[in-house]
Each structure stands twice: as C-alpha cells, then as structure tokens.
Amino acid sequence: MNESSEVLARKYRPESFSELIGQETISQTLSLALDANRLSHAYLFSGLRGSGKTSTARIFAKALICENGPTSNPCGVCEHCVMAKEGRHIDIIEMDAASSRKIDDIRDLIEHTKYKPAAGKYKIFIIDEVHMLTKEAFNALLKTLEEPPPYVKFILATTDPLKLPATILSRTQHFRFKRISNVNVVHHLEHILQLEKITYEEAALDILARSGSGSLRDTLTLLDQAIIYSKNHVDVQTVTDMLGLVDPQFLERLFEAVFNADRTAVLGFLQELEEYEAEMVVDELIAFLKERMYDQDSRYSILLLERFFRILSDAKSLFSINADGGFVLSMIFFKMLEALKVKEIDQIIESLERQISSGAPIAATPAVATPIKQTQSKQEEVPAVETPQEKPAEDTQAVTPPLEPTTPMPEPEPVVSAPEPVTVEPVITDAKERALFTQLIAKIEDRSLDLGRCFKEQISFVSYTDNTLTWESCADDECKKQLTHGYSVVKQFVREIFGFETKIKAQKCSKERPQPVSKQVDTPKEDVAPSQQAVSQEQQIPPQASSMTEESEVGTGSCVTNCSESDQSTKEFDGQAILSEPMILKATELFEATKITIQNKV
C-alpha cells in the first residue's frame, strides 16, 4: 500500500491518447494530425475542469518531442519521453496564467521563443487557464501566436473560452472537451478499484460519478475520500453518509408512502429530511425519478413523472428567494399527494372496474338515498292527486267523461305499491351503478352549478345494463336549454365514469309535470282534476326521442325533455347539409367520431 500514498487522480493520469476517458474524437484527431505531420502552430483546449485538457496537452507535447516523433504512439522509453513524463524536459515549458498573467510574464515567454530548443525538435509552451491573462498580455501575445518560429508550438488550456478575445480564438485550432458521461466514469472507477484490490458496490460508484458532475478528477478525489471513510469497502451507505446525500432506499420508502397516500408516514419522512440541505434533497429527488423513468417502473407513468418534475422545478425557483427549506419540501410532497388524484383515463377505467368488482364500499350510502327520495316524492304526490277529487263531480264529468273509469283506482295502485320494490331492489342490484350516477352528478355540479342543479333535479337514474345508461328526463323549458347546451360535457363525464362504450338512453317523463299557460290554449277552461289533467296531457304530448346520443352525434342538440311535433327544427332536415354545420365539425373533431348517424326524431 506504499504506492497508494499518491492520490488516484495523479497516479492514474493518462499517459497516451488511448487512455483518455470520454474524449475519443479529440484523441483521434490529434493522433491523425501527428501521424500525417499536419500540425498547427497553436492549439486551444477548452472544457469542464477535470475533463483531460492538461493531460492531453502533456501527451501531445510528449508525442511531438519523442525521438521517433512526431508520432501518435510515443515510445515512452527514450530520454525525451522519460523527461517529459517526469515533467523536467527543458523544452516543455508549462505556465500558469492565473499566477503569471501580466504583460511582463508574456514578454519573458516571447523572449524564450527566440531561442531554438535545447534538446528536442520543438519548443512547446503549455499555458494553463489562459483566460486569466490581462488584456495587455493578450495583445502582446498576438503577433507571436500568429507567426511563431517553426520550432515553437503553443498549447493553450482554459475552462472559459468565452473570456478569450476573438483575435486569440482565430489564431488557434480549438478543441472542445465534452463532459465525461457517468457511464464512462463508473467504468474507469471500477477499473481503478480492481487494480487497487478494493471491494465496492456499483450503486455507490453511480452516486460518486453523479456527484463529480462529469469531472473525472473531482470524482477520483471523492473516491479517495470514500476509500478512506469506508475502510476499503465502498458501499452506498458510507458514500451517502460521507457526501451528506439521501439514501436511495430512503427515497424508495418515501415515494411508497406517497403512493399509499399515507400522510402520517410522509410527515415522519419530512422530519428526517430536515437534517439535509433542502436544495440537495430536490436534486436527489430529480435523480431518483430520472432513474425510475429509465428503469420503466410501472408505478411511474410518463404523465405522473411530468407532474412530479414540474413540482420539483417550481420548488427550485423558491430557493432563489431564500424560502424555508423545510416548508419547500413539505409543499413538494403535499403537491405530489394531490397530483396522484389526477389520474389518466386508463387508470380511471381500471380503478372503476376494480371498485365495481370489489363491492364499492362508499357507494352504498348514495345508492340507498336516491331511491328513498324518489319514493318519498311519489308518496307525496298521491294525496295531491286525491285531494282535488273532493270538488263537485259535474266539473270533472263536463271535461272528460270517458276518463272516469280509468282514473279512480288503476292509477294510484301502482304508485302506492311501487315503494316496496323501488326502495328495496335497487339497493341490492343497482347500488354500484347508482353510486356511479351520483358521482356523475357531483362532477357535473363541479363543472357548472346551474347545469348540475338542472341535471340533479330533472334527470333520474333508471338503469345501467349492457353498456347503456338509461335515465328519465322531466326537464322544464329552462333546464332543457341548460342540458341541451351542456350535453357534450355530460356525455364526456358519462364516458369517464361508466366507460367509453357507454350509450345514453333517455326515457320520457313518467311524472306529472305542469305545462305552461301558453300551451293550454286549446284545453277547456273548466276546473279539471289534476290526475285527469295528467292523463290528458300524456295523450297530447308526443313521445320523446329515445336517445340523447343519436341527436348529439348529428349535432342538432339533445331531447332532454318533452319534444313537440310543432318544433320546426325536428320535422325535416337535409342530412348532408347538417354534416357541414360548424357545430357538427367541432363535435366530430372533439370526440374523434368515426361514424355519424343521422336520424329523425320520432
């Protein structure tokens, strides 16, 4: 272990172009230039710290000064190669522009260019961090950099090429060193640890590579530290503790609590996260979610990941205004809990199917309440029908004498006997469907209060069988306009809750609904019993359309209440003309209709 006293970044510094990590394009270009002897007088290497700029400059200098050079594969055993490797070659001059940045330093460098190399073929000047030179120093270097002696080569290195004058950039061949990928860094770390005979966990190396941010030197420095801290066994626990990062297993448990909507557990995890830097936690959450996306975890759909990433990006903006870290983290996870409530269409269908098959425990209460209200309303109507019959019989006989045999008992009997099957049977057979219908009413009310009020008061659930939702419509004129205008919204919610293949069927109103005065002009003015008026009105009112869906597909609206034959819009129409209506074109585009059925109202 005596040789290990040297830090890994220096011990495993590349000695040839083939050993460069992640810079294959640059190493290949320089190798071909050396072999073809097509050399420039000045080179500029720019890129992230630790990406190999200085190492490449030294390899290139050794390739130029080798006894067999210029060559892309210096021998490494000749006197020039040995001295270049040990950093003591007299003709290779390295200069740190951060400390020697004034015009006097550049004048000394220019003075050295006037003398031929002492031992090698070239005199090579390596200027590191060249962007630190002053403006005057750059101006002094321009002429020499443009037309140096044939035996002089300049190699400039910088991490910020934007600070260089355009006159310097135009006089050099510019090589841009790219960020080293995490995969290449991890492979290099594995190679070094195998040579060092140190055990490791691959997940720990991934964390180190991510923390190095593409800089191989920074990553090797962290690896040195991890080897010492972990006592020659680099594992995830020691690496996360050393770097102050969050353990991925902890994040896995945290998101498990989020998916289970366990607020108590989430609050417990948030208390543990207060020990870490909040901004670092957000970065770790982003890295964790990115890995889940690459692993194609079924729990993390693309839409869900997009919501989570948006929440995290919004949170990062709060750090710029010095927001409290604990509060920001709390907002992140509470927003994630809310984001889980917004599901995809497929997830809604699957969850509803599972809810129906499992028994739907929350559907029992609304399902029982709905039929009870219906029976109560019908029971209240019975005395309302019987009470007016106490009036003199001559009024009734004068209006509708033939209807006397049909009105006394046959009509009230089904109303009185109806409560038992209505109140009992739907609770047993239609509980789940009625619960879904109640959910439909709630969604409509949430979208539009007026539309939801009309739908709740005027539309009654009948049945849901064979993908057909049947309801009873008793809408008045005002609600008819509301329901006709909002039918597309109702239809969309029906598809979301009951399924996309659900068809809608509307039945005519079986209840007694008072008619407007304007429609009663032809009726006798004498007082008539309400029960007899209801019978006569049923005979006068034409039947409703059987389906709202058929009319919506045509685009002529929907018959949500009693339709009159006198309505000119429902008598005759040209099918081809209706297909070109803007409303039909918009509905076809909105619902992606593949088939349009044109049908007259009955």
Would you indicate whether [X], at its atom [atom1], is surrounded by more than 12 heavy atoms from other residues, nucleotides or ligands within a distance under 6.0 Å?
| X | atom1 | result |
| --- | --- | --- |
| Ile90 | CD1 | no |
| Glu252 | CD | yes |
| Glu501 | CD | no |
| Lys85 | NZ | no |
| Glu291 | CD | yes |
| Met331 | CE | no |
| Phe319 | CZ | yes |
| Lys143 | NZ | no |

* To do: Taking the six-membered ring of Phe288 (Phe, Tyr or Trp), confirm whether the NZ or CZ of Arg292 is under 6.0 Å from its centre and within 45° of its axis.
  => yes

Under 3.5 Å side-chain donor-acceptor pair for [X] and [Y]:
| X | Y | value |
| --- | --- | --- |
| Thr238 | Asp235 | yes |
| Ser16 | Ser18 | yes |
| Asp35 | Ser72 | yes |
| Tyr12 | Glu6 | no |
| Ser55 | Arg13 | yes |

Test of ring centre spacing under 6.0 Å for [X] and [Y]:
| X | Y | result |
| --- | --- | --- |
| Tyr151 | Tyr122 | no |
| Phe269 | Phe333 | no |
| Phe45 | Phe177 | yes |

Checking the side chain of [X] only, and the main-chain atoms of [Y] only, is there a donor and an acceptor separated by less than 3.5 Å?
| X | Y | value |
| --- | --- | --- |
| Glu19 | Glu15 | yes |
| Thr172 | His174 | no |
| Gln23 | Gly52 | no |
| Ser27 | Glu24 | yes |
| Asp324 | Phe327 | yes |
| Ser100 | Ala97 | no |
| Thr159 | Leu48 | no |
| Asn139 | Lys135 | yes |
| Lys116 | Lys123 | no |
| Asp91 | Ala119 | yes |

* **Partner of Leu44 by side-chain contact (heavy atoms from CB on, under 4.5 Å), out of Ile155, Ile168, Leu156** => Leu156

Just so I know, are the side chains of [X] and [Y] near enough to count as touching, which here means a heavy-atom distance under 4.5 Å?
| X | Y | value |
| --- | --- | --- |
| Arg171 | Leu142 | yes |
| Met95 | Arg101 | no |
| Ile103 | Leu133 | no |
| Arg307 | Lys335 | no |
| Val282 | Ile286 | yes |
| Leu254 | Leu273 | yes |
| Leu436 | Ile356 | yes |
| Phe138 | Val130 | yes |

* To do: Any chance you could lay out the side chain to side chain donor-acceptor pair (under 3.5 Å) test for Asn184 and Ser181, step after step, and finish with the verdict?
  => CA-CA 5 Å; Asn184 289 333; Ser181 65; 3.1 Å; yes

To the nearest 0.5 Å, what is the distance between [atom1] ([X]) and [atom2] ([Y])?
| X | Y | atom1 | atom2 | result |
| --- | --- | --- | --- | --- |
| Met242 | Ile228 | CE | CD1 | 9.5 Å |
| Leu337 | Asp262 | CG | CG | 9.5 Å |
| Tyr200 | Ile192 | OH | CD1 | 11.5 Å |
| Ile180 | Leu216 | CD1 | CG | 4.5 Å |

Does this structure show an ion pair linking [X] with [Y], if we count only N-O contacts that are shorter than 4.0 Å?
| X | Y | result |
| --- | --- | --- |
| Lys102 | Asp105 | no |
| Glu136 | Arg107 | no |
| Arg49 | Glu129 | no |

* To do: Let me see the working for Lys121 and Ile65 under side chain to side chain contact (heavy atoms under 4.5 Å, CB included), right down to the final yes or no.
  => CA-CA 6 Å; Lys121 299 178 181 178; Ile65 215 164; 5.8 Å; no

* Of the non-hydrogen atoms in Leu208 and Val239, which two are nearest, and what is the gap between them? -> CD2-CG1, 3.9 Å

* Asked: Parallel under 30°, tilted from 30 to 60°, perpendicular over 60°: which one fits the rings of Phe308 and Phe255?
  -> tilted

* Asked: Could you walk me through whether Ser215 and Ser51 pass the side chain to side chain contact (heavy atoms under 4.5 Å, CB included) check?
  -> CA-CA 6 Å; Ser215 172; Ser51 57; over 6 Å; no

* **Criterion side chain to side chain contact (heavy atoms under 4.5 Å, CB included) on Val494 and Leu440, from CA distance to verdict** => CA-CA 7 Å; Val494 169; Leu440 172 63; 3.7 Å; yes

